[in-house]
Amino acid sequence: MNLKYDKFSKSSILGFAKKLEGKSLEEVCDKEVLVHNYAGKGNFGQVLEKFYFLYEPNSDAKADFEEAGLELKSSPLKRLKNNHYRAKERLVLNIINYEEVVHQTFETSALWKKNAHLLLVFYLHEKEKNILEYRIKFVDEWSFPALDLEIIKQDWQTIQNKILQGKAHELSEGDTFYLGAVTKGSKGGNPRRQPYAKELAKQRAYSLKQGYVNHIIASISNEPSLYGKLIPRLEHEQKLSIEAVVLSKFSYFYEKSIEEILESFSLQMNQKSKNFYANLTKAILGIALNKEIEEFEKANIVVKTVRLKANNLPKEDISFPVFSYEAIVDENWEDSQIKETIEQKFFFVFFQFEGQQLILKKVKFWNMPYLDIQEVQKVWKQTQSLVKNGNIVKLIKKDRQGKERRYTNFPSKKFNHVAHIRPHARNAKDTFPLPVQDKVTQAKEYTKHCFWLNNSYVRESIYEEKSV
DNA sequence: GCATGATCATGC
DNA sequence: GCATGATCATGC
């Protein structure tokens with residue numbers, strides 16, 4: 001077949017690819033061929049390879065354009081209300097071969113061999129359209145900047161280490177910063193052998209985290225940078241990790257009160273303001289208050305501030321976004337909202353009350369261990385079952401003012417030591433519809449609830465737990 | 001003093 | 001108006 005590009009030439013391939021910008025697949029592919037060969041099957045990437053670049057989709061270890069050293073990746077965008085584009089999801093790369101990765105170095109790894117240079121095609125995903133109609137927005141090549149590559153190497157080694165330790169089945173996306181190990185295959189199926197343990201492990205692929213893909217998009221679409229860098233440049237031969245840099249900046253202020261920290265920056269901030277702790281974190285890290293912390297955004301790190309009482313118990317439990325009753329009954333655990341949420345990497349900032357003052361005690365990068373994730377699964381499962389059966393309300397009591405209080409069957413702190421379900425709403429009338437009417441109250445809607453991390457769990461498993 | 005239900009406050 | 005982080009209130 002005659003190709004319209006020179007497969008030995010990077011610039012020729014890129015030039016041909018650039019013609020996609022502003023177009024949809026049905027506009028750029030040969031209509032006759034599409035009509036006869038495209039049966040509505042295959043995803044965007046497969047159609048792009050087959051009907052535009054005219055080669056058969058493969059799962060080779062080699063890059064798609066082997067001779068030019070380019071790997072083609074397409075990925076969906078979503079449009080925000082302010083018309084900016086963001087990644088709709090993470091960018092999935094090749095499958096992790098547990099048996100082989102333990103014999104590789106980063107430089108000889110299957111990941112690096114295939115994905116060192118990417119040819120990226122970003123298209124706007126719109127619900128009502130099919131894949132032939134999606135509008136292609138950005139096309140460009142991508143090579144990893146040296147600073148990012150350093151973090152990605154460390155991530156790759158983190159993943160390899162876990163497999164070397166016989167813990168492939170305990171891999172989680174929260175283990176790493178930019179390069180994740182995402183489950184691949186429906187319902188986390190297709191379990192695979194690992195070399196150093198008998199437990200089967202879910203099939204996983206390397207992926208670039210959604211935040212990292214956002215950074216790529218901002219970079220190739222020439223958006224003004226919203227980011228401030230934590231690690232501005234590589235220091236000679238020093239291999240700096242995000243963790244080490246952040247810990248060194250914070251530890252300088254350990255045992256200092258919030259007032260003392262603010263004084264040292266000559267900063268006046270409203271402590272009641274919603275973003276006070278976010279701003280304090282930026283100040284300590286040396287990031288301008290109007291910028292986002294680049295490394296945190298790229299790694300999808302969630303910052304949580306916790307205030308401890310004298311006995312180290314957090315004053316409050318930690319909440320997550322509310323869930324929809326209608327959505328949770330249809331979820332599989334593997335693609336549930338709460339699993340996605342708790343598998344992220346967190347950055348905890350711990351303060352402790354000393355009288356009226358809050359003292360900075362320590363900070364910690366953390367992601368939930370495998371066994372605890374399984375505990376959250378129990379809470380999720382119980383919740384799903386209660387909603388499915390219309391079994392939410394246990395009883396209704398009147399308090400001294402004669403006001404009704406409803407007690408639910410939702411999993412409480414006693415049910416599970418990791419997480420529980422509690423209301424999270426404007427007030428009791430702030431509700432979501434129920435897929436099944438409640439048996440006791442006949443209600444068709446119920447106060448919004450969410451998952452909470454037990455404060456006792458935060459004390460024992462995050463604050464007091466020694467870092468490994 | 002804790003567990004659980006309920007609500008507030010801020011920022012977009 | 002809503003999402004999110006934070007906090008209050010009641011009863012045991």
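The chains referred to below are lettered A, B, ... by the order of the sequence lines, with proteins before strands, and numbering in each begins at 1. Source: prediction; values computed, not measured.
Looking at heavy-atom distances under 4.0 Å, A:T408 makes contact with sugar-phosphate atoms alone, never a base.
Remark: side-chain polar atoms of A:E460 are not paired, donor with acceptor, to backbone N or O of A:E465 under 3.5 angstrom. Of the possible polar contacts, one joining the A:D317 side chain to the A:N455 backbone as a donor-acceptor pair under 3.5 Å is found.
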Let me check something: any side-chain donor-acceptor pairs from residues 244-253 of chain A under 3.5 Å, sequence neighbours excluded? List them with distances.
unit_1: A:S248; atom_1: OG; unit_2: A:V245; atom_2: O; d: 2.9
unit_1: A:K249; atom_1: NZ; unit_2: A:L285; atom_2: O; d: 3.3
unit_1: A:S251; atom_1: OG; unit_2: A:L247; atom_2: O; d: 2.9
unit_1: A:S251; atom_1: OG; unit_2: A:S248; atom_2: O; d: 3.3

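When DNA chain C is scanned in the 5' to 3' direction for atoms under 4.0 Å from non-hydrogen atoms of chain A, the outermost contacting nucleotides are C:dA3 to C:dC12.
Each end of the helix from B:dG1-C:dC12 to B:dC12-C:dG1 gets its own axis, taken as the rotation carrying the C1' atoms of four end pairs onto the next four within a five-pair window, and the two axes meet at 30° to the nearest 10 degrees.
A:H449 and A:F323 have their aromatic ring centers separated by at least 6.0 angstrom. Annotation: A:F347 is in aromatic contact with A:F296 [ring centroid separation under 6.0 Å].
At least one cation-pi condition fails for A:K364 and A:F348: the charged atom is not both under 6.0 angstrom from the six-membered ring centre and inside a 45 degree cone around its axis. A cation-pi geometry, defined here as NZ or CZ lying under 6.0 Å from the six-membered ring centre and within 45° of its normal, does not hold between A:K298 and A:F177.
Residues from residues 420-445 of chain A placing a heavy atom under 4.0 Å of any atom in DNA chain B, listed by number, are A:R422, A:P423, A:H424, A:A425, A:R426, A:N427, A:A428. Residues from residues 293-324 of chain A lying near DNA chain B, meaning a heavy-atom separation below 4.0 Å, are A:K309, A:N311, A:D317 in numerical order. At a non-hydrogen distance threshold of 4.0 Å, nothing from residues 377-390 of chain A comes into contact with DNA chain B.
Each of A:N275 and A:F410 lies near DNA chain B, and the nucleotide nearest A:F410 is the one positioned closer to the 5' end. Taking the nucleotide of DNA chain C with the nearest heavy atom to each of A:Y277 and A:K397, the more 5' of the two is matched to A:Y277.
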